[in-house]
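Each remark here refers to the structure printed beneath this line.
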Amino acid sequence: MQYNHRDAEARVKAFWKDQEVYKVEVNTSKPKYYVLDMFPYPSGAGLHVGHPLGYIASDIYSRYKRQSGYNVLHPMGYDAFGLPAEQYAIQTGVHPADSTAKNIQQYRSQLDNIGFDYDWSREVQTCDPKYYKWTQWIFIQLFEHYYCTKSNKAKPIADLIKHLGAKGTSELTAFGGNETNVTSEEWKAMTAVEQAQLLMQYRLAYRKESFVNWCEELGTVLANDEVKDGVSERGGYPVIKKPMLQWSLRITAYAERLLEGLNTLEWSESLKTIQRNWIGKSSGAQVFFKLENSDDAIEVFTTRPDTIFGVTYMVLAPEHDLVKEITTPGQQAEVEAYVAMASAKSEIDRMAEQKTVSGAFTGAFAKHPFTGNPLPIWISEYVLKDYGTGAIMAVPAEDARDNRFAKQFDLPITQVQDKSQFPDAQIGDKVGRMINSDFLNGLKVKEAIKLAIQRLYDSGVGSRQRNYKLRDANYSRQRYWGEPFPIVYNREQIAQTLTLAELPLELPELEDFKPTREGKSPLARVESWTNTDSGKRETDTMPGFAGSSWYFLRYMDSTNDDVFVSEEAVNYWKEVDLYIGGTEHAVGHLMYSRFWHKFLYDLGYVPTQEPFKKLINQGMIQGVIESIYLDKNKHDGSNRFLCAGLAKQEGLEHFTPIPIHIDFVTDYGSENSHINLDGIKKFLDWRPEYKDAIFECSKGIFQNGKFTSKTGDDSLLITHSEVGKMSKSKYNVINPDHIIEQYGADCFRMYEMFLGPIEQSKPWDTNGIEGVSKFIKKFWSLYFDENQTLRVTDEDASKEQLATLHKAIQKVKKDIEGFSFNTCVSAFMVAVNELKKSQTSSKKVLQPLLKLLAPFAPFLTEHIWLELGNTSSIHLSEYPIFEEKYLQSDSIIYPVCVNGKKRADLETSPDTDKDTLIELAKALSPMQKWLSEGEVVKTIVVPNRMINFVIKSG
RNA sequence: GCCGACGUGGCGGAAUUGGUAGACGCGCUGGAUUCAAAAUCCAGUUCUUUCGGGAGUGUGGGUUCGAUUCCCACCGUCGGUACCA
């Protein structure tokens, strides 16, 4: 008889529920530990085998911590607002709330099947008004605060107003717009609208013009994801970048603190590097280039002010405000065409474009700040509007991109650095001494930068400046399925916030989810909702990251209706101790959450500066995408599918790969992946539009249900396999429920861990799960005999058995703490193989072993634990303690090497001294041959590790 | 393009401070058991070999008595690139 996972899991689930094993409360008598999983978005495809990878790891860790005496908070909830639900609603008319609720239900049942230890009483859903009430409240706080650069924290706008009334903008230490300077009298004389506009320059949540992907034909704003190659993914219509008034968050105010905070975090160096690069701090100079024939100036930021005499032209981003103004009539047509071309491209495409250099001359010139020489002003897509000032001074001698550009358009190149002493130096290397640079001549780069900045400052055309690549976050979406802004515009169009009592501002009911033709959110159509006594409501909604930027705080006190989190709860749980999730969130979610957390810290609502102390990145479990090649040209009016090999011969450019359901494919993911006759029939049932298609492979042709063989063999249409995301649209989603049904949840959990290191990505492959399944059966057979009778006794364990146990305890504990779960599974297998061999039935070994396995296999171990007569859960039991004394051994085996290569083994006692070791090793019979081949020139003995002879053959 | 990660048998992977390359598992081969199969158990399994060895951790170089591990250059794959979440 063997372990029946279906019965055991049902019994154990009921037991956990009945005993409320995972319910957790503030308990000051125990140390706290907060384990968090990244918020899932409940997609319509359900949970696939990739999602739980991190969840299983955090579940193991949280169970380990609980057994080690901690009060563990391990919650779960849903990031439930989002684009896919809205898209689904537009297509099917199903309300996003309904489809989302259904998806959440599906996720919940799948999560429960895996046996996670979540305290579900703390679940949150971002689309729940009880939750988003507080998302709206935090937004109001951001709106009502500015960033003080002197005290380095957020302060109330009321303080700012007081200052403006007393001193105007002089001595103002507020982060933000330095465009406008006013005296207190001017401030007082301003109209309410003007005052509101000035304050917008400082608010942490503010409105400004930002660029959106605008699709005229669809009459809507598109997400980057919905744009492919400059056209809409749906319909293939052109998409351009269009400026629109949008809410933004002034995350740039926190750039320095976000950078510094990284030093305090236990995150991987690579992740911190990603964030540092994203923030992109650089120091250099701000320089103004006056325009010829105009009072305006072009502001640039440069990290290389030393090369100022190498500037031979200027480049503006095509979207730069000045472009329209300065373009001469003769150049207008060319410039407009170029701007239109560039606005149709995504930022990635623009940055990735390296081989072809493009640009257009505006006809205008700027003046060099020192020489007064005219500098032609160009526009080019390699300069981005939102990076720095959207303009650059071009130094083709010291910048590779400028250099290519200058060569392409025959612009002059002035060398400013003598690098003759450094033959290997590349463009941009900061070596050599300055030449052709007036007062900078002869200086080294470092000195030249200093002096150049000084002279710019003295001439009133520049100054030292720090720059950050980080940009303010666009916070508006023209969508229905997101948090409504708690904002009403009064008759003067001034934004007013709602009071706490008026929150939550709920989404109105809606039947048509299409956006309006002007590109506004569908909310704009609900006049009964948008019109209020005090004015019109904001119709944009908040982006996906709004709800997920603070959810970890809500878990601490998820049902509190008076505050977003109580002081008592947040002072006990403090911050997340361990956060597990994918690297895809490296700069989005993880940056926004840190920003919000620091803001809430400034306001005194949270006691920590950083929300996530330790972070582990889980790799992705990828899917295999299988596709078959469809000829782009029809053959005799029929579609034609071709074997992958034949398609390659004819040239893949003539074919479109059509992704197919992996269930139809035999040997999917391998070189021989193919669909056989049965697979083709399944494919045709699934995609009837291809029912007349020809399927051609090297062995014959299939059409209209009949296979005509050329060789007498069966048909095998070779498919194309590639590794990629597991996604509903690629028809390659693998549902954990199926695996669990067949093998049990514990086997599924352990197999996912066994696949490899948690942080590594790998394609899903069910081959190999048998090994884990066998392990579970073997483990079971240590506790029960063939008649399902408990075979555990009180007899003593042998020395070897205890050594096996303690070797396992030591290894598993160490590996859990090092997040190396795959090697834990191996360690369990080794232990069970050894114990099985020695036929132990001693409770002194088997009970600790059960506890050791509990975090990995919570159902199996709980079931056996209860069978052993225990009444409270094994997951509340104490973790086994490792004792060194059981591992002491009276012999050690040294590898004996010649020139680093192992040639013999030497078994000896651990306290043998060095000279004896050498003597013993030299005496070994396999060594005679090697020693006779030459002279020993060196002998290396590493205690307890190895012995190496360096032999020189003579 | 830029930023980050990864690359080891037929396959997933192990070797965490430079010290026995291939733990553990899958697959495969042979055997035991069985009327037979499944299941289970035992043995073998990097390649090559004249059976002494030799080669071998993406490629090419370097440091070292010794390199999967450290350094340099390159190739490939994956993730992010600011409105997918």
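Basis for what follows: all heavy atoms, side chains included, without hydrogens, waters or symmetry-related copies. Quick note on labels: first sequence line is chain A, next is B, and so on, each numbered from 1.
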Parallel, tilted or perpendicular: which fits the ring planes of Phe81(A) and Tyr132(A), with parallel below 30° and perpendicular above 60°? tilted
With rounding to the closest Å, how many angstrom separate the C1' atoms on C3(B) and G10(B)? 36 Å
Strictly under 6.0 Å, is that where the ring centroids of Phe828(A) and Phe779(A) end up? no
I need the minimum non-hydrogen distance between Thr252(A) and Leu470(A), along with the two atoms involved. CG2-O, 3.4 Å
Under 3.5 Å, is there a donor-acceptor pair between the Tyr382(A) and Asp402(A) side chains? yes
Look at all strands and tell whether Leu470(A) reaches a base, only sugar-phosphate, or nothing, counting heavy atoms closer than 4.0 Å. base
What is the distance, rounded to the nearest whole Å, between atom CG of Asp225(A) and atom P of C84(B)? 5 Å
Give me syn or anti for G18(B), where syn covers glycosidic angles within 90 degrees of 0. anti
Can a side-chain donor-acceptor contact be found between Trp267(A) and Gln275(A) if the only test is distance below 3.5 angstrom? no
Lys/Arg N to Asp/Glu carboxylate O, Glu86(A) vs Arg477(A), below 4.0 Å: no
May I ask you to say what Lys778(A) touches in the nucleic acid, namely base, sugar-phosphate or nothing, with a heavy-atom cut-off under 4.0 Å? sugar-phosphate
Going by purine N1 to pyrimidine N3 plus the second Watson-Crick contact, or the G-U wobble pair, all under 3.5 Å, which nucleotide sits opposite G79(B)? C3(B)
Go through the structure and list residues passing ring pair (Phe, Tyr, Trp, His ring centres under 6.0 Å) with Tyr751(A), not counting sequence neighbours. Trp764(A)
Under 4.0 Å from any atom of RNA chain B, heavy atoms only: list the residues of residues 541-552 of chain A that qualify, in numerical order. none
Considering only nitrogen or oxygen atoms on both sides, find all protein atoms under 3.5 Å from nucleotides 43-51 of chain B and state each distance.
none

Set out, in order, the CA-CA distance, both residues' side-chain angles and the distance that settles side-chain contact (heavy atoms from CB on, under 4.5 Å) for Arg234(A) and Leu222(A), then state yes or no. CA-CA 10 Å; Arg234(A) 280 171 297 126; Leu222(A) 296 176; 3.7 Å; yes
Thr541(A): which residues meet the side-chain hydrogen bond (donor to acceptor under 3.5 Å, both in side chains) condition with it, sequence neighbours left out? none
Both conditions, 6.0 Å and 45 degrees, for the charged tip of Arg594(A) above the ring of Trp278(A): are they met here? no
Heavy atoms only, 4.0 Å cut-off, all strands: where does Arg276(A) land among base, sugar-phosphate and nothing? nothing
Considering only atom P, compute the distance from G27(B) to C35(B) and round it to an integer number of Å. 26 Å
Assigned partner base of A39(B), Watson-Crick or wobble definition, under 3.5 Å: none
Syn/anti state of G13(B) by chi, 90° boundary around 0: anti
Starting from C1' on U69(B), measure out to CZ on Arg945(A) and report it in whole angstrom. 13 Å
On RNA chain B, compare the nucleotides closest to Glu269(A) and Val942(A); which residue's is nearer the 5' end? Glu269(A)
Among all residues two or more places apart in sequence or in another chain, which pass the salt bridge (charged side-chain N to carboxylate O under 4.0 Å, His left out) test with Glu269(A)? Lys272(A), Arg276(A)
Atom CD1 of Ile621(A) and atom P of G13(B) are separated, to the nearest Å, by 10 Å
Angle between ring planes, His5(A) versus Tyr3(A), binned at 30° and 60°: parallel, tilted or perpendicular? tilted
Pair partner, G60(B) [Watson-Crick or wobble, under 3.5 Å]: C72(B)
Any base atoms under 4.0 Å from Leu83(A), or only sugar-phosphate, or nothing? Heavy atoms, all strands. sugar-phosphate
How many whole angstroms separate atom CD of Glu935(A) from atom P of C65(B)? 16 Å
With sequence neighbours left out, write down each residue that passes side chain to side chain contact (heavy atoms under 4.5 Å, CB included) with Glu233(A), or none if nothing qualifies. Lys228(A)
Rounding to an integer number of Å, can you tell me how far Tyr41(A) OH sits from C83(B) C1'? 14 Å
What does Asp815(A) touch in the nucleic acid at a heavy-atom separation under 4.0 angstrom: a base, only the sugar-phosphate, or nothing? base
What is the distance, to the nearest angstrom, from the CG atom on Asn899(A) to the P atom on U20(B)? 15 Å
With sequence neighbours excluded, what pairs up with Thr804(A) under the side-chain hydrogen bond (donor to acceptor under 3.5 Å, both in side chains) test? Glu834(A)
Counting N and O atoms only, with roles assigned by atom type, does the side chain of Asn899(A) sit under 3.5 Å from a partner on the main chain of Ile951(A), one being a donor and the other an acceptor? yes
How is Val212(A) classified with respect to the nucleic acid when contacts are heavy atoms under 4.0 Å: base, sugar-phosphate, or nothing? base
So Pro757(A), base contact, sugar-phosphate only, or nothing? Heavy-atom distance under 4.0 Å. sugar-phosphate
Taking only nitrogen or oxygen atoms into account, show me every contact under 3.5 Å that the protein makes with nucleotides 74-81 of chain B, one pair per line with its distance.
residue: C78(B); atom: O2'; partner: Gln622(A); partner atom: NE2; Å: 3.1

What distance, rounded to whole Å, do you find between the two C1' atoms, one in A14(B) and one in U63(B)? 27 Å
Any residue meeting ring pair (Phe, Tyr, Trp, His ring centres under 6.0 Å) with Tyr475(A), in chain and number order, not counting sequence neighbours: Phe139(A), Phe485(A), Phe545(A)
Any side-chain N or O of Arg477(A) under 4.0 Å from OP1/OP2 of C83(B)? yes
Look through every strand shown and name the nucleotide pairing with U20(B) as Watson-Crick or G-U wobble, where both distances are under 3.5 Å. none
Separation of U40(B) atom P from Asn833(A) atom CG, nearest Å, is 13 Å
Examine the base of G56(B) for any acceptor or donor lying under 3.5 Å from a partner atom in the side chain of Lys901(A), and report the outcome as yes or no. yes
Applying the ring pair (Phe, Tyr, Trp, His ring centres under 6.0 Å) test to Tyr254(A), which of Tyr468(A), Phe595(A), Trp596(A), Tyr592(A) qualifies? Phe595(A)
By the 4.0 Å heavy-atom rule, please label Met829(A) as base, sugar-phosphate, or nothing. sugar-phosphate
What pairs with Phe949(A) under ring pair (Phe, Tyr, Trp, His ring centres under 6.0 Å), at least two apart in sequence or on another chain? none
Side-chain donor/acceptor of Asn948(A) to base of C65(B), under 3.5 Å: yes
Same-atom distance (P) from U59(B) to U68(B), integer angstrom: 11 Å
By the Watson-Crick or G-U definition, both distances under 3.5 Å, C28(B) is matched with G44(B)
Distances for protein N/O vs nucleotides 8-12 of chain B N/O pairs under 3.5 angstrom?
residue: G12(B); atom: O2'; partner: Leu755(A); partner atom: O; Å: 2.5

N/O donor-acceptor pair under 3.5 Å between Ser521(A) side chain and Thr539(A) backbone: yes
Go ahead and name the base partner of A67(B); Watson-Crick or wobble counts if both distances stay under 3.5 Å, otherwise write none. none
Grab the CD-C1' distance between Glu834(A) and C24(B) for me, whole Å please. 12 Å
Scan residues 817-824 of chain A against RNA chain B and write down, sorted by residue number, each residue with any heavy atom closer than 4.0 Å; if none is found, say none. Ser820(A), Asn822(A), Thr823(A)
